[in-house]
Each structure stands twice: as structure tokens, then as C-alpha cells.
Visitor: 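Dropping a structure here in C-alpha cells format, bear with me for questions.
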2 protein chains.
Amino acid sequence: MASNRVTSHDVARLAGVSRATVSLVLNRSESVTLSKETRERVMQAAAELGYKPNSAGRMLVSGLTETIGLIVSDPSILLVDQYIPQVLYGIEKANRQMGFHVLVEGLEAGGRTRAYDNLVESRRIDGLIVVNPRAGDRALISLIEKDFPVVLVGSVRHPAEVSVTFTTRNVIGQAVDHVVGLGHHRIGAITFSPRDFVSTNARLTALSSGLARHGLALDEDAVGDGNFSPESGYRAAKALLTRRPDLTAIFAGNDTIAIGVLNAAHELGRSVPADLSIVGFDDLPFARWLTPPLTTIRTDGVSQGKLAAEMLFARLHRRPLENKRVRMEPELVVRDSTQTAPTG
Amino acid sequence: MASNRVTSHDVARLAGVSRATVSLVLNRSESVTLSKETRERVMQAAAELGYKPNSAGRMLVSGLTETIGLIVSDPSILLVDQYIPQVLYGIEKANRQMGFHVLVEGLEAGGRTRAYDNLVESRRIDGLIVVNPRAGDRALISLIEKDFPVVLVGSVRHPAEVSVTFTTRNVIGQAVDHVVGLGHHRIGAITFSPRDFVSTNARLTALSSGLARHGLALDEDAVGDGNFSPESGYRAAKALLTRRPDLTAIFAGNDTIAIGVLNAAHELGRSVPADLSIVGFDDLPFARWLTPPLTTIRTDGVSQGKLAAEMLFARLHRRPLENKRVRMEPELVVRDSTQTAPTG
DNA sequence: ATTCAAAACTAACACGTGTTAGTAAGGGAT
DNA sequence: ATCCCTTACTAACACGTGTTAGTTTTGAAT
């Protein structure tokens, strides 16, 4: 274990050159001219010894870690919702292709904000991606204002933020057109998170203004609050459908919540989609396999993660960003959970 | 960004002591005696400047990184199955509590095995957790044989491995008793992965011997091969139920596959559980919300991850392991997807 | 033979930390 | 006065790397 630690010194000795030469050869430095045969002798020696530069030594002198931090707010969401893993995959893959490493850290709700300092101040990472940032996160905002390379998957609505989000106005408008076109006019919603989440807020606003275009309103008592898990969606939907039995369609905050809504409807003896139409959000892998297959709005978490990573690389290489706030356009996917409104 | 880099030298100057003293105070070294007031003066200076030791410097001299590597085989499974995120959460949380960091790396199937070397040889990590290791992974086995601190979430069936897995014989036996007790005797299975996965192999073997206890056999043509996604389960189940329409119960390799089986049954006009009983595996969060709620076998991914992390810490601290191969006992959860076998 | 320029390489520093060997001061005992 | 032991601290090394300023060698031109 501690046995095979080969240093550039060993390579130098085997190749019969100085340690400096080894470093120059291996880092392909063009500013200094080296003979072809010396280059080859060094490469050969390095290969023979299986030399891998010690990252700590390298980090110390270069100041670069080739590592990014990935902070996940409320990591327990990982347990119930399948969206974040998609983002994670996109981020990890992009980093792998760039030869970068990913340091994952969970930021428990209400936990210490030292997570940022520990990573940033101790120079463990070159940049940071924050998934699901909370709008009120002071430590994060301070980092953004210091111009540390941060990219958000989500938004804190700060003028200087660099972020990847989804536009919702357009696609939710389309979804509303679709549902209203089926004859529904008493429409409710279940959120997937507290209202102070930027995306939940945006989805509700888009829903409201979409309905307004048809002369309809989103009544406050037609909105129930979910909290990430299927169970929370179930409870909120049961309360909502009891309070407002006249509703014929429900927009779920996301697909995970939609599972709960589906169950609540069944339990109240309302069949989907005959008695109640449901629209999800995200188009997670299971959405098309629900009974009935879910009409939903497809966001592409993998691309979102990949894009966030690429934007971070651009910042790290001091390449200018054409757009500091990229907004992806989701797509309405109509399946069987939405159908003509029941008559009467 | 490069502005606020405070070194121990700065702290020393402000406190009016040498850099060595700063290091001794901050690392609570007991071997050297320091006056109470010097200690306080240094602590105060460090706090005032917001000093955070540079991790690279520390790593270089101590040889320790306070970081573990987390390698996920076939990371694309993250996209379709919700089990790995549970494990990930458990691992990350345990590390956070120990003040450790987690470096996540995906190991694409058939990809270069350099992933291990890059992390291990470059001394970026102190230890490694591998999730879903492939039995034939030479690079991994070589690491285990070198006695590098590795803990597996899964198994490669190597005598020297340290791993956390689940026993299946017992609980699958119970599940078989349950299903056979309901009058089923033509029983099939859909795997969740290729057969050379250790856990898939184990589950099939346990199923076979469970059936044998009741004088039943698991026919080879009663087994279909899934491949992680709901879709693969759907396709395999459709083929299986077409080939063997006499089957009245199916053991799905896991809950994700069970979703596909459920859909295949519906599409073939067989209602669940009246015409076909289904047993899942894992008890993922959505399992109880399927239609019908899924009878399944509860494994606890979070605990599995947590345990793996704790075993790795034990190795890193050279504490002896009471048990190198921990096997957790899953639990049968009976819901509505299993019911009395149809008559005739 | 001498000069000069390019080519090929290396000595030496810097990065920031943890730790060991060693120095200086204080004070009590002989 | 000398010795010695404890207390309080620091000088100096080591970790392994990237890079710059500088040195030696080569080879051709004068």
C-alpha cells in the first residue's frame, strides 16, 4: 500500500535525467526544447515504473485541484425523487470526460453552512455546482458575490448567478391549453415543495397565467402543498379532493407527487382519467408505466447536469459565457392520464 | 478569489508566534506543552483571519486526504433505478458526520479501468467503496489483493473482500412459502440484470431452492432476463407470459422490473393480482403506491451504504473488523400484488 | 583557434503544511 | 556557583510537484 509510491525522482533516476526534465516531458511543456530521445527515455521510464503524479504535490504548486464540488441541498430528496440522480449522472459524466473529479456533499436543510467553507476555503475544489439551491442561502450568495466559480442547477434569483433552469411559462401554457381543450374548467394543483422554492413558485405562476388566458382562475383553496415524497402528494391530494370535490383536473408539481395524487383519487373512488385528469412534471422513467400512463412535461435532467458542468468548465478556463442564465425548454408529453372532462 | 488565502504564516505573524506553534495549537498536539494564553492568542488570530488550512499542504505532509472514493459500476443504472441513490445517501451522510469527503466516479461498463488507478495511485483518496462491483473486474480484485482499503456494496466473491450484502435465501424462502401458500405452483421470474451479477445469481438460486422445498421447480423457460429498466422488465415479461401463459406468479428481480411486469400483464389482459401475482424486491418508495401496492422484499439501501462507510472507517483507523462480510437480513412485505391463485 | 547562438538540460525556488530535534529561559536543589 | 529538570517555544526538515533562471554542451561560422 505505502510500498509502491513512485515519485518523479524515481523516474528521473531510472531515465538518467533530472527531476525537472521528467516534469517537463510529462507536462508537454513547449516553452523548453527537449531532444526526442530524452523524451522517449523518460516516457518509457515513467511507464515502466507506473508513475502517477501525486495529486497533493501538484495541487499545492499549481493551485488547481481538477475537482469540482457538487452540493445537493436537502439530500434526503434523493431517497424519494428520481430527478436529482439524472442531474448527478449528467454532471459526473461530463466531468469524467474532462478528466475532472466530483466531490459530492449533502447540505441538510437547516444544517451548518460550513459545507461551503470547508470545500472552498480549504482549496479542495476549483468550482462548485449547487443543485436545488435555496433562495435564502446566505453562504451561497456570498460565494456568488465573491465571484467564486459557481453554477446553479436551479436559481436563487441573484443578478450575478450563473444557472441552468427550465422555462415553464410556455410549456405549462401548452399543458393548460391541452387540459382546457378537453373541457376541464375546475382545475387544481399540488406542489412538490414549499412555495418558497423558486421552481415551485414559477410553476404555480405559469399555471395561473395559463388559466387566465382561458378566463379561468387558480383558486387558492384549489392548491395543496406536497413535500417531495409520493406520500406527501397522496396526503395533499386527498385533502384537496375532499375540500374541492368539484375539481376535474390536477396539475402535480412533479411525477413523484403525481403518484400520490393517483392513489388519493383511487382511494376516493375517482377513476383516472375518467373522473379526474392528472398532469405530471419531469417525465421520469416510470411515468409512462403508471396506470394510466402519465401525461407530463419532459425536462431533461441529464442534459441539465451536463450543461451545468460545461458552463462551469467555461468559467474555470476563463472562457466568456454567451449566456449566464441558460433556460431549457421542456416538452409536453401527452399520454392517457388526461382525458375529456366528465359531463355534469 | 485568490485574494483571501490565509496561511498559517499569517496567523503566526498576527499572534506573534512561530508557524510551528500555530500548527501545534490547531492540531491539539498533546506531546508538546504550550501555555494557555499562547493557545488562546493563536485561536483568536486564526478565527479573526478566518484561517482554513490548505488541504493540499496537509495531504502532502500527512499522506491522508480525508476523502473516500465512491465508484459506481454502470452509472447509467442511476437513471432508471432508485436503489443506488439510497446507498449513495447513506454513504454520503456517514462521511459527512465523520468530516470526510466523497469523490464520486462512474465506471462505465466496458470502460477503461483506469478509474481506480487515477484515484488510488494519485493518492487522491484514503479508501474506496465500490457499488455494484462486477465479479470479473480485474483492476478491483488487484486492489483488494494489494490490501488497499476497499469496501464493496455487493460482492465479487473474493476471499479477501470486505463487503456488505443481503442474505436472500431466508427471505426469498419466506416469499415462496407465502406465494405457494396462496395456491400458486406455476411460478416464473424476471431478472433485473444479466445472470453473471452475483446478486441476480443468488436470487435465482434462492428462488429455486425455495421452490424445491415445496416439490416445485424453476423451469429455465420460466425465467426471463431484464436489464435494470422498467422497459426491459416489460419486454421480458411480455415474452415470458406469451411463452408460458400458464404461469400465475412472477418473482421480479426488483421493484423497477416489477413495474414493467405489471404493465406487460395488463397489456396481455391479465389483471393483477386476480390473474397474476407479482413479488418485487427492494421496497423502493414508490412500491406501496403502485396499482396494486406491491408485495416485495425490503432491503435497506441507506443502512447498507452507512454500514459500508463505517466499515471503511474502521479499516482506515486500523480497527479490526469483527466481520469482513456483513450480510443484512431483508424483510418480506406483503401487500396486494399477491393473492390466491386463480382456479383452473 | 575563437566566438557566438542555439539546443539540451538542470539547480533552485515555491507551494503550505505537520512534526522532530533542539534552544532558551526559568527555577529549585545541591 | 553549578547542575539539572521542566516549561515554552522555534528552526529546520520533509512531503512531491511545476517552473524559471541559469548553466553546460553542441555545432557551425568567422
Side-chain angles (χ1 to χ4, degrees), chain A residues 2-43 45-46 49-67 118 120-124 126, chain B residues 1-2 4-43 45-46 49-67 118 120-124 126:
Chain A
S3 62
N4 51 347
R5 69 179 164 191
V6 180
T7 74
S8 60
H9 187 73
D10 300 327
V11 177
R13 191 167 36 194
L14 178 58
V17 295
S18 78
R19 210 185 49 67
T21 304
V22 173
S23 181
L24 290 177
V25 169
L26 265 49
N27 295 306
R28 298 178 172 58
S29 184
E30 306 294 350
S31 70
V32 174
T33 53
L34 293 174
S35 75
K36 222 60 190 166
E37 55 185 35
T38 300
R39 282 201 137 86
E40 277 164 17
R41 211 165 61 244
V42 170
M43 296 292 273
L49 295 174
Y51 170 67
K52 296 278 190 314
N54 178 304
S55 61
R58 189 171 236 175
M59 281 162 55
L60 190 53
V61 64
S62 73
L64 299 176
T65 62
E66 294 184 328
T67 303
N118 276 353
V120 175
E121 305 282 335
S122 69
R123 312 264 151 199
R124 237 172 235 280
D126 296 339
Chain B
M1 179 178 140
N4 50 348
R5 70 177 165 193
V6 180
T7 74
S8 61
H9 188 72
D10 300 327
V11 176
R13 191 166 38 193
L14 178 58
V17 294
S18 79
R19 209 184 52 65
T21 304
V22 172
S23 182
L24 291 176
V25 169
L26 265 49
N27 296 307
R28 297 178 174 57
S29 182
E30 305 297 346
S31 69
V32 175
T33 53
L34 293 173
S35 76
K36 222 58 190 165
E37 55 185 34
T38 300
R39 282 200 139 87
E40 276 165 18
R41 210 164 62 243
V42 170
M43 296 293 273
L49 295 174
Y51 170 68
K52 296 278 192 310
N54 178 304
S55 61
R58 188 172 237 174
M59 280 162 54
L60 189 53
V61 63
S62 73
L64 299 177
T65 62
E66 295 185 326
T67 303
N118 276 352
V120 176
E121 305 282 333
S122 69
R123 312 264 151 198
R124 237 173 236 279
D126 297 337

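Sequence lines set the chain letters: A, B, ... in the order given, protein chains first and strands last, and positions in each chain run from 1.
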Visitor: Less than 4.0 angstrom between a side-chain N/O of S35(B) and OP1 or OP2 of dC9(D), yes or no?
Guide: yes

Visitor: Is the closest side-chain heavy-atom distance between T67(A) and R124(B) below 4.5 Å?
Guide: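 Yes, side chains in contact.
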
Visitor: Quick one, give me the B/S/- string for nucleotides 12-18 of chain C, reading 5' to 3', where B means a protein heavy atom under 4.0 Å from the base and S means that only happens at the primed atoms, P, OP1 or OP2.
Guide: ---BBBB

Visitor: Return the set of residues passing side-chain hydrogen bond (donor to acceptor under 3.5 Å, both in side chains) with S122(A) (not counting sequence neighbours), or none when no residue passes.
Guide: none

Visitor: So, OP1 or OP2 of dC9(C): does either fall under 4.0 Å of a side-chain N or O from T38(A)?
Guide: yes

Visitor: Sequence neighbours excluded, which residues qualify as side-chain hydrogen bond (donor to acceptor under 3.5 Å, both in side chains) partners of S62(B)?
Guide: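 By the side-chain hydrogen bond (donor to acceptor under 3.5 Å, both in side chains) rule, S62(B) matches no residue at all.
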
Visitor: For L26(B) versus M43(B), what's the shortest heavy-atom pair and its separation?
Guide: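 So the minimum-distance heavy-atom pair works out to CD1-SD, 4.2 Å.
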
Visitor: Do you know which two heavy atoms are closest between R123(B) and T65(B), and how far apart they sit?
Guide: O-CG2, 3.3 Å

Visitor: If the condition is side-chain hydrogen bond (donor to acceptor under 3.5 Å, both in side chains), which residues does S55(B) pass it with, not counting sequence neighbours?
Guide: none

Visitor: Rounded to whole angstrom units, what separation is found between the CZ atom of R13(A) and the P atom of dC9(C)?
Guide: 20 Å

Visitor: Measure the distance from CD on E37(B) to P on dT7(D) and round it to the nearest whole Å.
Guide: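 It is 16 Å, rounded to the nearest whole Å.
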
Visitor: Under the side chain to side chain contact (heavy atoms under 4.5 Å, CB included) rule, collect the residues that match up with T7(B), sequence neighbours excluded.
Guide: H9(B), D10(B)

Visitor: Testing the basics here: between V6(A) and Y51(A), what is the closest heavy-atom pair and its distance to 0.1 Å?
Guide: O-CD1, 3.4 Å

Visitor: Provide, to the nearest angstrom, the distance between the NZ atom belonging to K36(B) and the C1' atom belonging to dT7(D).
Guide: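 The answer, rounded to whole Å, is 14 Å.
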
Visitor: N/O contacts under 3.5 Å, protein versus nucleotides 22-26 of chain C?
Guide:
none

